S.K.: 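The following block contains the structure, expressed as structure tokens.
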Number of protein chains: 2
Amino acid sequence: MLTKHSSMAAMPGAGPGAGSNLLFLRESELRLAQDLMFFGYRDFTAGPDRLLEELAMGRAHHRVLHFVGRRPGITVGDLLAILAITKQSLGRVLQPMIEDGYVTQAAGRTDKRQRLLSLTDKGAALERRLYDCQREWVMRAYREAGPAAVEGFRRVMRGLMGDEARAELEILERSGS
Amino acid sequence: MLTKHSSMAAMPGAGPGAGSNLLFLRESELRLAQDLMFFGYRDFTAGPDRLLEELAMGRAHHRVLHFVGRRPGITVGDLLAILAITKQSLGRVLQPMIEDGYVTQAAGRTDKRQRLLSLTDKGAALERRLYDCQREWVMRAYREAGPAAVEGFRRVMRGLMGDEARAELEILERSGS
DNA sequence: AATGTTTGGTCAGCATTGTTGACGCTTCTC
DNA sequence: GAGAAGCGTCAACAATGCTGACCAAACATT
């Protein structure tokens, strides 16, 4: 199933437009992509990781803070779908965060089974500190690269996402405006 | 909550050049970057992860296969520096891979203390299967986005890397091409 | 109203992959 | 010959995934 595109990889003139060849699909270019994703993601998360360590939290806590902050009132089920982890794995980080006053639960209005999650002021404050950390880092990269490169970055990253992730991203973009 | 971002973030004409504004540095744009990195990296690694699971291996094994394949004859110390993990963490995945015949050790020529690591045929074959998996995925994204976007993607990812990672990437690019 | 489904919480156990600290070889360097 | 460097390994621990099982409250359907 992953072999359907195999044939045309090394055919420069096969794409739309004879001038825009597909040399960027050569092996060395794709190897570079692997390296970039490894180093890039590692250093992208390094700042928040350092900050979280002082609070005895991990990357999983950051993800909860981020996505609950992004979609206040999100249900547990929706959060599980976004994170793509099990209820137990989420519970282990979420419950302490509720007890420590970073996240609040509220019963759903239409469906009282649901627990709508939101950040408390304390949670929002921590999330913002973590955000600021990444903001500085990303801004540096964005500024160095320029607006056109940023647009390209977004297009490629979107392309690296599967259908489910694209759908979830759309919802996030809508609610986050 | 998602407060608009104070001072200069919402001032289109503040940057250098009235036409090329810095709107891509607004909060919502940087939030998007966080989402893209999360979903993008997750789905980028999903293919290899599925393949590795059948062989009772994890992402750590993939990283070893990738970087040893990228720099045959790499020393243990250099590999540790690239992965940025401890000797013990590496040893736990590397030793079984040597015993199972995926990786070979050779004493250094000038310095006999060093163990130069390389992939066996078996290791190279597995690495290629994993590579092909990601190749299909990345090619899809690259083709959808186009050459200009790919160039932008690379620029931004490089910008997201720290100085050490940039130096290591340069070595990889030299030996890899 | 009875029954079954959905949403969420929780217990117990396990795997992977990261961490520290300590110790012991072999080999290189001074 | 002494010390440093490169590598391997033991023991213990932490974070974050997983499965399977089971429970309660609320909803939905018959």
Side-chain angles (χ1 to χ4, degrees), chain A residues 38 41-42 45-46 48-68 73-100 103-118, chain B residues 38 41-42 45-46 48-68 73-100 103-118:
Chain A
F38 172 72
Y41 192 77
R42 207 191 55 176
T45 56
D49 282 353
R50 274 192 297 272
L51 225 163
L52 289 158
E53 197 180 17
E54 301 167 15
L55 300 169
M57 297 202 221
R59 213 172 280 181
H61 301 82
H62 187 189
R63 288 198 273 259
V64 170
L65 287 170
H66 172 75
F67 286 112
V68 172
I74 190 176
T75 66
V76 172
D78 283 355
L79 185 55
L80 285 174
I82 286 176
L83 297 174
I85 60 175
T86 60
K87 203 170 31 163
Q88 295 85 339
S89 295
L90 175 60
R92 189 168 29 204
V93 296
L94 182 57
Q95 281 310 316
M97 291 175 79
I98 291 170
E99 289 161 15
D100 293 350
V103 177
T104 49
Q105 290 175 315
R109 299 165 307 288
T110 65
D111 188 336
K112 287 178 185 168
R113 288 172 304 181
Q114 295 177 335
R115 304 294 160 85
L116 308 182
L117 304 172
S118 303
Chain B
F38 172 72
Y41 192 76
R42 207 191 57 177
T45 56
D49 282 353
R50 273 191 298 272
L51 224 162
L52 289 158
E53 197 181 16
E54 301 167 15
L55 301 168
M57 297 202 219
R59 212 172 281 180
H61 301 81
H62 187 189
R63 288 199 272 260
V64 171
L65 287 169
H66 172 74
F67 286 112
V68 173
I74 189 176
T75 67
V76 172
D78 283 356
L79 185 54
L80 284 174
I82 287 177
L83 297 174
I85 59 176
T86 60
K87 203 172 28 164
Q88 295 81 345
S89 295
L90 175 60
R92 188 166 29 201
V93 296
L94 182 57
Q95 280 311 315
M97 291 176 78
I98 292 169
E99 289 161 15
D100 293 350
V103 177
T104 48
Q105 290 175 315
R109 301 164 308 285
T110 65
D111 189 337
K112 288 179 186 168
R113 290 172 302 181
Q114 296 177 333
R115 304 295 159 87
L116 309 182
L117 305 172
S118 303

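Since the structure is predicted, the reported quantities are computational estimates derived from the model, not experimental observations.
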S.K.: In residues 78-92 of chain B, which residues come under 4.0 Å of DNA chain D by heavy atom?
M.R.: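 Result for residues 78-92 of chain B: Lys87(B), Gln88(B), sorted by number.
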
S.K.: Enter the distance from Ile98(B):CD1 to Gln105(B):CD here, rounded to the nearest 0.5 Å.
M.R.: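 It is 3.5 Å, given to the nearest 0.5 Å.
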
S.K.: How would you list, by chain and number, every residue that makes a ring pair (Phe, Tyr, Trp, His ring centres under 6.0 Å) with Phe67(A), sequence neighbours excluded?
M.R.: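 Here the qualifying residues are Phe38(B), Phe39(B).
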
S.K.: Contact list please: residues 103-114 of chain B against DNA chain D, heavy atoms, distance less than 4.0 Å, in numerical order.
M.R.: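 By residue number: Gln105(B), Arg113(B), Gln114(B).
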
S.K.: Considering the options Asp78(B), Val64(B), Val76(B), which one meets the side-chain contact (heavy atoms from CB on, under 4.5 Å) requirement together with Leu117(B)?
M.R.: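 Looking at Asp78(B), Val64(B), Val76(B), the match for Leu117(B) under the side-chain contact (heavy atoms from CB on, under 4.5 Å) is Val76(B).
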
S.K.: Can you sort out the partners of Arg59(B) under salt bridge (charged side-chain N to carboxylate O under 4.0 Å, His left out), two or more places apart, ordered by chain and number?
M.R.: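 Listed in chain order: Asp49(B).
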
S.K.: Could you list all the salt bridge (Lys or Arg N to Asp or Glu O under 4.0 Å) pairs where at least one residue sits in residues 106-118 of chain B, not counting sequence neighbours?
M.R.: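 Pairs touching residues 106-118 of chain B that pass the test: Asp111(B)-Arg113(B).
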
S.K.: When the C1' atoms of the five terminal pairs at each end define the local axes, what inter-axis angle does the helix from dA1(C)-dT30(D) to dC30(C)-dG1(D) show, to 10 degrees?
M.R.: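 The two end axes of the helix from dA1(C)-dT30(D) to dC30(C)-dG1(D) meet at 30°.
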
S.K.: Is there a side chain to side chain contact (heavy atoms under 4.5 Å, CB included) between Leu116(B) and Thr75(B)? Walk through the geometry before answering.
M.R.: CA-CA 5 Å; Leu116(B) 309 182; Thr75(B) 67; 3.7 Å; yes

S.K.: Identify each donor-acceptor pair in which a side-chain atom of residues 82-94 of chain A lies under 3.5 Å from a protein atom, sequence neighbours left out, and give them as a table.
M.R.:
unit_1, atom_1, unit_2, atom_2, d
Thr86(A), OG1, Ser89(A), N, 3.3
Thr86(A), OG1, Ser89(A), OG, 3.1

S.K.: Distance under 4.0 Å to a non-hydrogen atom of chain A counts as contact; along DNA chain C, which nucleotides mark the start and end?
M.R.: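 First-to-last contact on DNA chain C, by the 4.0 Å heavy-atom rule, is dT6(C) to dC11(C).
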
S.K.: Would you grab the first and last nucleotide of DNA chain D (5' to 3') that comes under 4.0 Å of any non-hydrogen atom in chain B?
M.R.: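 The footprint of chain B covers dA5(D) to dC10(D).
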
S.K.: If you pin His61(A) and Leu117(B) to their nearest nucleotides in DNA chain D, which one's is more 5'?
M.R.: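 So the residue in question is Leu117(B).
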
S.K.: Which is more 5' along DNA chain D, the nucleotide nearest Gln95(B) or the one nearest Ala56(A)? Just name the residue.
M.R.: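 Going by which nucleotide is closer to the 5' end, it is Gln95(B).
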
S.K.: Could you measure the distance from the CG atom of Leu55(B) to the NE2 atom of His62(B)? Nearest 0.5 Å is fine.
M.R.: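 One gets 12.0 Å once the value is rounded to the nearest 0.5 Å.
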
S.K.: Quick one: salt bridge (charged side-chain N to carboxylate O under 4.0 Å, His left out) partners of Asp100(A), sequence neighbours excluded?
M.R.: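 Scan of Asp100(A) (salt bridge (charged side-chain N to carboxylate O under 4.0 Å, His left out), adjacent residues dropped) gives none.
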
